[in-house]
2 protein chains.
Amino acid sequence: MALLSKSCLYGLRTAIYCAHQSGNGYIPISEIAKELEIPADFLTKILQKLTRKKIMSSLRGVKGGIKLGKSSEKISLYDIVQAIDGETIFRKCFLDLEGCGEETPCPFHESWKSYRTDLGNMLKNTSLSYLIENRKYARLK
Amino acid sequence: MALLSKSCLYGLRTAIYCAHQSGNGYIPISEIAKELEIPADFLTKILQKLTRKKIMSSLRGVKGGIKLGKSSEKISLYDIVQAIDGETIFRKCFLDLEGCGEETPCPFHESWKSYRTDLGNMLKNTSLSYLIENRKYARLK
DNA sequence: TTAATTTCGGATAAAAGAGTCTTTAATTCT
DNA sequence: AGAATTAAAGACTCTTTTATCCGAAATTAA
């Protein structure tokens with residue numbers, strides 16, 4: 001298993017890639033797909049989830065493609081994960097028990113809760129711009 | 001997505017359940033399955049992975065079933081996760097990039113590394129006995 | 001020894017996630 | 001207006017995970 005779905009990872013990598021591109025123009029999905037070695041048709045579908053949530057914006061036609069829907073400072077990794085994989089990761093009980101909560105905690109409730117919250121906060125506090133500025137390498141494939 | 005596979009969660013819940021049972025006898029898998037609302041045939045298969053690693057021990061026949069393979073102090077959650085889902089969770093890059101490492105880190109390398117290590121340590125430091133002793137409720141379904 | 005019970009092992013089925021393909025709609029350029 | 005390009009949308013296939021089924025092997029009890 002992995003924490004995030006493959007779709008989500010593709011979406012994250014694409015967003016980071018777009019944030020890294022200097023210009024403000026649309027980039028064809030096929031170009032990104034080739035660059036990041038992601039199946040193009042599949043990526044198209046995934047990015048639709050991000051455009052519907054205004055995280056990205058798309059344009060059809062000759063000079064069309066995809067780009068960030070707002071400035072990279074305003075997009076957090078949490079936004080992207082939430083848009084593609086939903087919020088269950090950040091809510092769900094470690095043991096996947098429906099009724100687990102403060103009143104009827106599962107055996108692992110306490111230790112997992114803080115950990116899960118930390119993860120959510122870490123993703124919320126990491127914007128695309130921060131990521132671009134504070135890394136040494138651009139490795140995205 | 002979830003951090004752990006369903007198989008792994010079933011395995012964890014069963015192990016905790018067994019640790020909670022006072023006696024030292026074998027418990028039929030069908031009984032556990034019914035109690036924890038897990039498909040019995042599926043659970044049988046999952047538990048085989050744990051018995052092969054001596055985390056649990058099993059016995060066929062009339063008074064047979066399954067029980068912990070050693071004392072609950074000596075079984076950590078890490079052992080169980082590792083036996084069922086493997087170690088990839090604790091090693092893999094956040095963005096699932098093959099070549100990500102210290103030399104060629106992915107954009108998320110640093111922040112994820114410590115987090116992943118913490119999770120591993122948390123699971124290593126949590127034994128079944130600790131879990132049984134330090135919880136208020138027994139909720140496992 | 002026979003009957004009952006229970007795990008083991010392999011085959012198969014169902015469900016979910018990942019990936020492909022084709023057609024349509026929007027946009028640009030000539 | 002017409003041709004070329006590119007995302008959107010839906011149907012379909014492939015793979016992995018989850019779940020079911022059945023016969024065989026081991027163990028207990030009478």
Side-chain angles (χ1 to χ4, degrees), chain A residues 1-15 18 25-69 81 83-86 88-89 92 96, chain B residues 1-14 18 25-69 81 83-86 88-89 92 95-96:
Chain A
M1 288 295 269
L3 180 60
L4 305 175
S5 70
K6 223 162 178 181
S7 297
C8 192
L9 295 169
Y10 289 163
L12 280 168
R13 285 168 59 203
T14 300
C18 289
Y26 291 95
I27 307 164
I29 296 176
S30 56
E31 186 183 316
I32 302 172
K34 193 179 174 188
E35 201 65 35
L36 302 186
E37 293 170 14
I38 299 171
D41 288 327
F42 191 35
L43 184 56
T44 301
K45 290 218 175 308
I46 295 160
L47 294 179
Q48 285 169 16
K49 290 185 185 174
L50 296 180
T51 55
R52 284 190 206 109
K53 300 239 172 162
K54 313 284 187 194
I55 293 167
M56 307 209 73
S57 103
S58 67
L59 183 70
R60 296 181 185 183
V62 170
K63 291 211 165 172
I66 201 147
K67 65 176 182 179
L68 296 184
V81 171
I84 299 177
D85 275 357
T88 14
I89 322 171
K92 208 157 60 174
D96 202 26
Chain B
M1 290 295 269
L3 181 60
L4 304 176
S5 71
K6 222 165 180 181
S7 296
C8 193
L9 295 168
Y10 289 163
L12 280 168
R13 286 167 60 204
T14 301
C18 288
Y26 290 96
I27 307 164
I29 295 175
S30 57
E31 185 183 317
I32 301 172
K34 192 179 177 187
E35 200 65 33
L36 302 186
E37 294 169 13
I38 299 170
D41 288 327
F42 190 36
L43 185 56
T44 301
K45 290 221 173 305
I46 296 161
L47 294 179
Q48 285 168 15
K49 291 184 184 176
L50 296 180
T51 54
R52 283 189 208 113
K53 300 239 173 165
K54 314 285 186 191
I55 293 167
M56 307 210 71
S57 100
S58 68
L59 184 70
R60 296 181 183 181
V62 171
K63 290 210 165 173
I66 201 149
K67 65 176 181 179
L68 297 184
V81 171
I84 298 177
D85 275 356
T88 14
I89 323 170
K92 211 159 57 176
L95 295 180
D96 202 26

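Below, chain A is the first sequence line, B the second, and so on; all start at residue 1.
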*Atom NZ of B:K63 to atom P of C:dT7: distance rounded to whole Å?*
15 Å
*Value in whole Å for how far the P atom of D:dT16 lies from CD1 of B:I84*: 20 Å
*Would you mind telling me which residue lines up with the more 5' stretch of DNA chain C, B:K45 or B:P28, judged by nearest nucleotide?*
B:P28
*asked:* Less than 4.0 angstrom between a side-chain N/O of A:R52 and OP1 or OP2 of D:dA9, yes or no?
replied: yes
*asked:* Distance check, rounded to the nearest 0.5 Å: A:L59 atom CG versus A:I27 atom CD1?
replied: 13.0 Å
*Please tell me which of the listed nucleotides, D:dA9, C:dT20, C:dT7, lies nearest to the side chain of A:Q48?*
D:dA9
_I need the B:R13 CZ to A:D96 CG distance, nearest 0.5 Å._
8.0 Å
*Would you kindly give the NZ-to-P distance between B:K6 and C:dG17, to the nearest whole Å?*
10 Å
*Does a nitrogen or oxygen in the side chain of B:Y10 sit under 4.0 Å from OP1 or OP2 of D:dA19?*
yes
*How many Å lie between CZ on B:F42 and P on C:dT7, as a whole number?*
17 Å
*B:L59 near the nucleic acid: base, sugar-phosphate alone, or nothing, with a heavy-atom cut-off under 4.0 Å?*
sugar-phosphate
*Grab the NZ-P distance between A:K49 and D:dA8 for me, whole Å please.*
14 Å
*Of the nucleotides C:dT28, D:dT27, C:dT7, which one has an atom closest to the side chain of A:V62?*
C:dT28
_A:D85 side chain vs A:L4 backbone, donor-acceptor pair below 3.5 Å_ = no
*Could you state the CG-P distance from A:D41 to C:dT23, rounded to the nearest angstrom?*
13 Å
*Over all heavy atoms of both residues, which pair between B:M1 and A:K92 is shortest? Give the atoms and the distance, please.*
O-NZ, 4.4 Å
*Nearest to the side chain of A:I29, which nucleotide is it out of C:dA18, D:dA7, C:dC8?*
D:dA7
*Is any side-chain N or O of A:R60 under 3.5 Å from a base N or O of D:dA8, one able to act as donor and the other as acceptor?*
no
*Can you find a side chain N or O atom of B:S7 that sits less than 4.0 Å from OP1 or OP2 on D:dT18?*
yes
*After noting the C-alpha distance and the side-chain angles of B:C18 and B:M56, does the key distance pass the side chain to side chain contact (heavy atoms under 4.5 Å, CB included) rule?*
CA-CA 9 Å; B:C18 288; B:M56 307 210 71; 3.6 Å; yes
*Nearest whole angstrom, please: distance from the P of D:dT27 to the CD1 of B:I66.*
15 Å
_What is the separation between atom CD on A:E31 and atom P on D:dA7, rounded to the nearest whole Å?_
10 Å
